[in-house]
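Just so it is clear, the structure is predicted and the values come from calculations on it, not from any experiment.
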Amino acid sequence: MRTPRRCSRNGCPRQPVATLTYIYAESTAVVGPLAAFAEPHSYDLCESHARGLTAPRGWDLVRHEGEYGPPPPSSDDLVALAEAVREAARPAPHKEDPGNHPHQQGRRGHLRVIPPDA
């Protein structure tokens, strides 16, 4: 199940409003509006961390001018919520005794061995 996006700074529980991306070839850090999807080489930041960010010495910092608004709800959020509801409503699996079903010769995970005369 997916979890909602949070600020990438350690221990910060706030919702992100900006995305930080580094362009290593140009020694530039870019802080812009929140990306539509979480990318592995970018960082989601809350408003206070986005505004307080400084670039490493010798690097340029390009920062979005304007307000950082909360991200609009996406269909991914709705899908994650629907999956969570389905998972919570799913009945707990019960364990079957393999001796109760003589027609089943063997099971491995989700696969069954079907006897050749069936």
Show the nearest heavy-atom pair for residues [X] and [Y], with the distance to one decimal.
| X | Y | result |
| --- | --- | --- |
| R63 | L61 | NH2-CD2, 2.9 Å |
| H49 | C7 | ND1-SG, 3.4 Å |
| G11 | P13 | O-CD, 3.2 Å |

Can you measure from [atom1] ([X]) to [atom2] ([Y]) and round to the nearest 0.5 angstrom?
| X | Y | atom1 | atom2 | value |
| --- | --- | --- | --- | --- |
| Y43 | R9 | OH | CZ | 11.5 Å |
| C46 | L34 | SG | CG | 11.5 Å |
| E47 | Q15 | CD | CD | 11.5 Å |
| R14 | D44 | CZ | CG | 14.0 Å |

According to a 4.5 Å side-chain heavy-atom criterion applied to Ile, Leu, Val, Met, Phe, Trp and Tyr, with indirect links allowed, do V30 and F37 form part of one hydrophobic cluster? no

Give the cluster check for I23 versus V62: same hydrophobic cluster or not, with ILVMFWY residues linked at side-chain heavy-atom distances below 4.5 Å. yes

Side chain S8, main chain L45, donor-acceptor under 3.5 Å: no

Any side-chain heavy atom of L53 sitting closer than 4.5 Å to one from L20? yes

